[in-house]
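What follows is a single structure, written as structure tokens, with notes after it.
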Amino acid sequence: MSLRAKLFGWRDPYDLAGTDALFTAALRENALFHYENCPEYRAILLREGFSPGSLRVPADLHRLPPLPTLYFKRHALFSIPERRRVLRSTSSGTTGQM
């Protein structure tokens with residue numbers, strides 16, 4: 001079971017103290033997946049001097065480089081092959097821009 005699935009399965013969604021370590025580990029796992037499977041995202045993290053493995057405690061989370069919404073409107077970032085993508089979403093207010 002992925003750490004993300006374990007986190008989403010947590011009985012009490014308001015148990016912040018009980019899920020802090022799990023949340024951080026799930027975010028590290030997610031960042032590492034995209035780092036390993038999306039060359040463009042890996043380049044962004046490397047350019048910012050960030051390594052997914054550096055996410056150890058909740059206080060580290062602020063160092064994860066943010067990606068503005070506008071970036072996704074102008075760049076395609078994919079961490080899985082096209083044949084495995086099952087959903088294509090658009091954002092409101094973009095006149096249907098993918």
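Worth saying up front: this structure is predicted, and the values here are computed from it rather than measured.
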Notebook entry, point to check: Can you name the nearest heavy-atom pair linking Ser54 to Asp60, along with the distance?
Noted result: O-OD2, 3.1 Å
Next item on the list: Compare all side-chain heavy atoms of Phe23 with those of Leu61 and state whether any distance is below 4.5 angstrom.
Entry: yes
Notebook entry, point to check: Hey, is CZ on Arg42 packed in by over 12 heavy atoms from elsewhere, all under 6.0 Å?
Noted result: yes
Margin query: With a 3.5 Å distance limit and no angle check, can you tell me whether Glu48 reaches the backbone of Pro65 through a side-chain donor-acceptor pair?
Written below: no
Item checked: NZ or CZ of Arg85 within 45° of Phe78 ring axis and under 6.0 Å -> yes
Check: Under a single-linkage definition using a 4.5 Å side-chain heavy-atom cutoff for Ile, Leu, Val, Met, Phe, Trp and Tyr, are Ile80 and Leu45 assigned to the same hydrophobic cluster?
Finding: no
Margin query: For a quick test of reading the model, state the closest non-hydrogen atom pair linking Ala26 to Leu7 and the distance between them.
Written below: CB-CD2, 4.4 Å
Item checked: Joint hydrophobic cluster, Phe33 plus Tyr35, side-chain heavy atoms closer than 4.5 Å -> no
Checklist line | Polar side-chain atom of Arg28 near backbone of Gly53 as donor-acceptor pair, under 3.5 Å | finding: no
Notebook entry, point to check: Ile44 and Phe50: side chain to side chain contact (heavy atoms under 4.5 Å, CB included), yes or no, with the steps?
Noted result: CA-CA 9 Å; Ile44 292 168; Phe50 181 82; over 6 Å; no
Next item on the list: Let me see the working for Leu67 and Leu77 under side chain to side chain contact (heavy atoms under 4.5 Å, CB included), right down to the final yes or no.
Entry: CA-CA 11 Å; Leu67 294 177; Leu77 290 180; 4.0 Å; yes
Margin query: Has Thr19 got a side-chain atom pairing as donor or acceptor with Leu22's backbone, closer than 3.5 angstrom?
Written below: no
Notebook entry, point to check: Can you list the steps and then say if Arg56 with Thr24 is a side-chain hydrogen bond (donor to acceptor under 3.5 Å, both in side chains)?
Noted result: CA-CA 7 Å; Arg56 295 285 172 210; Thr24 304; over 6 Å; no
Next item on the list: Find the distance between NZ (Lys6) and CD (Glu29) and round it off to the nearest 0.5 Å.
Entry: 11.0 Å
